[in-house]
Amino acid sequence: AMANYPDFDPNVYNKVEDPRDYRNDAVTGNYEPGSIFKPITMAAAINEGKVTPDTTYNDTGSVVIDNYTLKNSDNKGHGIQTMTQVLEQSLNTGVIFAKEQIGNEKFFEYVKNFGFGQNTGVELSEAKGNLDNLKANIAVNYHTAAFGQGISATPIQLIQAFTALANEGKIMKPYLVLSKILPDGKTENTKPQVVRQVITAKTANIISAMLVNVVENGHGKRAGVPGYYIAGKTGTAQIPIAGHYDKEKTIVSFIGFAPADPSADGPRFVMLVTLREPNL
């Protein structure tokens, strides 16, 4: 399912005042995803065997690279933290640590294998996102990409990437058309299609459990549903304008899948919700 708002009435499309209302941001809306990208970085490090959920590092609150100081969103240091706590508290320094364990080249390889920077193949015209900052091979750009800044993606790309986390490491091709009725009256059903194995099933199960902790103990508590295990991640992305980030405007997102319970025959859906420039 796919929906955008503001929308318009196709019967009176000529009355639309803002042409942006014609856009389908779910497939063409490039944006910097922010912290919902962190599970991708963590999955790469776990899959390479360089960290585990219990691996610790000392969070001083900031990391200095190329004369830039990168900080946690709360501007605080939290001391010794596990990788699970990194996702629970959405620590920028923690995913930088995880990324550093596998190196920039391997990290970039995983970013592309998860489907970023390329079309998903969904039956609509779509954008590819932008990974130029990583192609430039500048160290600080890899650091910021680890927590979803300096690169852009579309919502449908993020959904596709998370299918690998929810589906034992297999990334799936998204589709909107359930079936077609052909001229001869026969029905042609669309079948799920595996694109490739991105991470192992073990890694996917580990990340799922970590994301359940995010919902139960971290920033994603409001996404919890009594009686179900929900795996998810929150994110707040800054909006770049004229070469810098807007100090006030953001895009907030939540992405998750459920039920994240192996005994429930695996997750049944992945969902992403984004809200541009919330006014709280």
Side-chain angles (χ1 to χ4, degrees), residues 33 35-57 81-91 94-118 120 134 142 145-148 151 153 157-174 192-218 220 229-235 255-272:
S35 294
I36 60 174
F37 194 84
K38 289 174 180 174
I40 302 300
T41 303
M42 192 64 71
I46 290 174
N47 202 61
E48 287 297 307
K50 299 300 183 180
V51 301
T52 72
D54 296 323
T55 298
T56 60
Y57 81 112
Q81 298 289 301
T82 67
M83 294 299 101
T84 297
Q85 289 172 316
V86 166
L87 293 184
E88 287 177 355
Q89 301 180 68
S90 201
L91 302 177
V95 286
I96 291 173
F97 170 86
K99 186 270 298 179
E100 285 290 84
Q101 306 314 300
I102 63 174
N104 295 337
E105 184 177 346
K106 181 62 68 173
F107 169 68
F108 192 13
E109 181 181 315
Y110 272 96
V111 171
K112 291 183 288 187
N113 283 341
F114 269 104
F116 296 101
Q118 56 200 282
T120 67
L134 297 184
Y142 290 100
F147 52 87
I151 58 174
Q157 286 177 324
L158 289 158
I159 284 286
Q160 184 182 47
F162 268 69
T163 62
L165 306 186
N167 197 52
E168 296 189 328
K170 300 180 183 69
I171 195 168
M172 306 298 293
K173 179 181 178 181
Q193 181 178 332
V194 177
V195 178
R196 59 184 166 271
Q197 187 87 29
V198 183
I199 54 177
T200 66
K202 180 180 178 180
T203 297
N205 291 334
I206 290 172
I207 284 289
S208 294
M210 294 171 77
L211 293 177
V212 168
N213 281 327
V214 171
V215 173
E216 296 193 346
N217 305 313
Y229 287 116
I230 310 295
K233 184 72 185 73
T234 57
I255 189 167
F257 50 89
D261 183 355
S263 65
D265 196 27
R268 303 300 298 167
F269 67 88
V270 179
M271 179 183 290
L272 169 65

Q | Main-chain N/O of E168 paired to Q197 side chain as donor or acceptor, under 3.5 Å | A | yes

**Q.** Donor-acceptor under 3.5 Å (E109 side chain, E105 main chain)
**A.** no

Q) If you take all heavy atoms of G115 and Q160, which pair is closest and at what distance? A) CA-OE1, 4.4 Å

Q: Scan side-chain atoms only and decide if T163 and K173 contain a donor-acceptor pair under the 3.5 Å cut-off.
A: no

Q: With side-chain contact (heavy atoms from CB on, under 4.5 Å) as the test, would you mind laying out the steps for F114 and Q157 before giving the verdict?
A: CA-CA 9 Å; F114 269 104; Q157 286 177 324; over 6 Å; no

Q) Hey, does the side chain of S208 reach the backbone of L165 with a donor-acceptor pair shorter than 3.5 angstrom? A) yes

Q) Taking the side chain from T84 and the backbone from P53, do they hold a donor-acceptor pair closer than 3.5 Å? A) yes

Q. Would you find a donor on one side and an acceptor on the other, under 3.5 Å apart, between the side chain of Q81 and the backbone of Y57?
A. no

Q: Hey, could you give me the OG1/CD1 distance between T234 and I36, rounded to the nearest 0.5 Å?
A: 9.5 Å

Q) With sequence neighbours left out, what residues match T56 under side chain to side chain donor-acceptor pair (under 3.5 Å)? A) none

Q: If the plane angle is over 60° it's perpendicular, under 30° parallel, otherwise tilted; pick one for F37 and F107.
A: perpendicular

Q. Can you find a heavy atom in the side chain of F97 that is under 4.5 Å from one in the side chain of L91?
A. no

**Q.** Heavy-atom pair with the smallest gap, counting every atom of P39 and I207
**A.** O-CD1, 4.0 Å

Q: Before giving the answer on side-chain contact (heavy atoms from CB on, under 4.5 Å), spell out for L211 and V214 the whole-Å C-alpha distance, their side-chain angles and the decisive distance to 0.1 Å.
A: CA-CA 5 Å; L211 293 177; V214 171; 4.2 Å; yes

Q: With rounding to the nearest 0.5 Å, note down the distance linking CE in M83 to CE in M42.
A: 5.0 Å

Q) What distance separates K233 NZ from L158 CG, expressed to the nearest 0.5 Å? A) 12.5 Å

Q | Considering all heavy atoms, the nearest I151-A145 contact | A | CG2-CB, 4.1 Å

Q. Looking at G169 and A204, what are the two nearest heavy atoms and their distance?
A. N-CB, 3.5 Å

Q | Worked verdict on Y142 versus I96 for side-chain contact (heavy atoms from CB on, under 4.5 Å) | A | CA-CA 8 Å; Y142 290 100; I96 291 173; over 6 Å; no

Q: Taking the side chain as every heavy atom from C-beta outward, state whether K99 and N104 have any atom pair closer than 4.5 Å.
A: yes

Q.
Could you measure the distance from the CG atom of N205 to the CD1 atom of I46? Nearest 0.5 Å is fine.
A. 11.0 Å

**Q.** Stepwise side-chain contact (heavy atoms from CB on, under 4.5 Å) check, F162 with I40
**A.** CA-CA 8 Å; F162 268 69; I40 302 300; 4.2 Å; yes

Q.
Could you report the tightest heavy-atom contact between K112 and R196, atom names first, then the distance?
A. O-NH2, 3.6 Å

Q. Which pair of heavy atoms, one from A231 and one from A260, lies closest together, and at what distance?
A. CB-CB, 3.8 Å

Q. Could you state the interatomic distance from NZ (K50) to NZ (K106), rounded to the nearest 0.5 Å?
A. 10.0 Å

Q | Value rounded to 0.5 Å, distance of CG in N47 from OG1 in T200 | A | 4.5 Å

Q: Look only at the side chain of K38 and the backbone of S90, and say whether a donor-acceptor pair between them is shorter than 3.5 Å.
A: yes

